[in-house]
Amino acid sequence: MTPTNQERIWQVIHAIPSGKVSTYGNVALMAGLPRQARAVGKCLSQLPNASKIPWHRVINAQGKISFPADSERYDKQKQLLQDEGVFFFNNKIKLRVYLWQGE
DNA sequence: CATTTGACTTGTG
DNA sequence: CCACAAGCCAAAT
């Protein structure tokens, strides 16, 4: 079959282990789509509510959530991450510790 | 087909 | 650390 970019992205995100995170750019790269960080974001924006994709494990390159810190989505993602053992330090994630770049 | 948009990234000051 | 600009590229309008 002909896997769409979106499917590759899903697969990569799905491969992110619990307790780890990855950046949009990194996901794009691992999906074989260099410089398509935005496309990754767009995909996630279209994900249904009940999607099984661990979208919360995808953050931006600054180690922060790509939502305004006062939005609902922000809190939601932060909560999910903390539930998996990813803790925040001053609203930022330590990529040094949690960034997942493959096995 | 031209323009805008966006859950991005990196560099500069 | 924060603000702004430029780069980048697919999908939507």
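Reckoned from all heavy atoms, side chains included, excluding hydrogens, waters and symmetry mates. Per chain, numbering begins at 1; letters A, B, ... match sequence-line order.
Two residues are said to be in side-chain contact when any heavy atoms from C-beta on lie closer than 4.5 Å; Leu81(A) and Tyr98(A) fail this criterion.
Taken residue by residue, residues 61-71 of chain A places heavy atoms nearer than 4.0 Å to DNA chain B at Ala61(A), Ser66(A), Phe67(A). Of the residues in residues 19-28 of chain A, Thr23(A), Tyr24(A), Gly25(A) come within less than 4.0 Å of DNA chain B through at least one heavy atom, sorted by number.
Dashed line: the shortest gap from a side-chain N or O of Gln46(A) to OP1 or OP2 of dA12(C) is under 4.0 Å. The phosphate of dC8(B) (OP1 or OP2) has no side-chain N or O of Lys42(A) nearer than 4.0 angstrom.
Counting heavy-atom neighbours within 6.0 Å of Gln82(A) CD, excluding the residue itself, gives a total above 12. The number of heavy-atom neighbours closer than 6.0 Å to CD of Gln46(A), taken from other residues, nucleotides and ligands shown, is above 12.
Atom pair Leu44(A):CG and dG6(B):C1' shows a separation of 12 Å (rounding to whole Å applied). Rounded to an integer number of Å, the gap from CH2 of Trp10(A) to P of dA7(B) is 17 Å. Taking atom CD on Gln36(A) and atom P on dA12(C), their separation rounds to 13 Å, with Å as the unit. Rounding to whole angstrom units, CD1 of residue Ile9(A) and P of dA10(C) are separated by 11 Å. If you measure from atom CG of Leu29(A) to atom C1' of dC8(B), you get 13 Å, rounded to the nearest angstrom. Rounded to an integer number of Å, the gap from CD1 of Ile93(A) to P of dA7(B) is 18 Å. Atom pair Gln6(A):CD and dA7(B):C1' shows a separation of 14 Å (rounding to whole Å applied).
Contacts of Lys76(A) with the nucleic acid, taken as non-hydrogen atoms under 4.0 Å apart, are absent.
Checked by atom type and distance alone, the side chain of Gln77(A) pairs as donor or acceptor with a backbone atom of Val58(A) at under 3.5 Å.
Between Trp100(A) and Asn26(A), the shortest heavy-atom distance links the atoms O-ND2, 3.3 Å.
Other cluster members for Leu29(A): none, since no ILVMFWY side-chain heavy atom sits under 4.5 Å from it.
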